[in-house]
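Residue indices begin at 1 and follow the sequence shown. In what follows, every heavy atom counts, from backbone to side chain, and hydrogens, waters and symmetry copies are set aside.
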Amino acid sequence: MARRTSRIRAATPPRPISSQDAQGESVDLTKHRGRVLLIIFWSKDVVDCTEQLLAVDAVWRELKDKGLDALGVCLDAPNGAAAASIIIF
């Protein structure tokens with residue numbers, strides 16, 4: 001039996017979101033338009049999060065040329081500024 005695939009389309013365009021990463025570089029989610037973007041929220045205090053980051057990095061390395069982007073947001077940033085600890089894989 002042949003499999004039929006179709007594109008998933010958003011009902012409305014995403015709102016623009018931009019911030020800075022841990023190095024002060026601009027992070028603009030519109031740069032990922034047309035690609036699959038995996039966003040992982042993590043905490044330094046949760047052991048499983050570190051393991052998950054390693055797994056996400058491995059998957060990203062395998063699929064980045066096929067359209068996967070990954071972005072990690074650390075929730076432990078000072079003063080609750082989670083965007084200050086963005087990791088772009």
Shortest non-hydrogen contact from Arg35 to Lys64? NH2-O, 2.8 Å
Quick one: CG on Leu68 to NE2 on His32, what's the gap to the nearest 0.5 Å? 10.5 Å
With a 4.5 Å limit on heavy-atom distance, are the side chains of Leu54 and Glu51 in contact? no
side-chain contact (heavy atoms from CB on, under 4.5 Å) with Asp65: which residues, sequence neighbours excluded? none
With sequence neighbours left out, what residues match Val46 under side-chain contact (heavy atoms from CB on, under 4.5 Å)? Ser43, Asp48, Cys49
Quick one: list whatever passes side-chain contact (heavy atoms from CB on, under 4.5 Å) with Thr30, sequence neighbours left out. Pro16, Asp28, Arg33
From Asp69 CG over to Leu63 CG, what is the distance, rounded to the nearest 0.5 angstrom? 11.0 Å
What is the minimum heavy-atom distance between Leu37 and Ala70, and which atoms define it? CD1-N, 4.2 Å
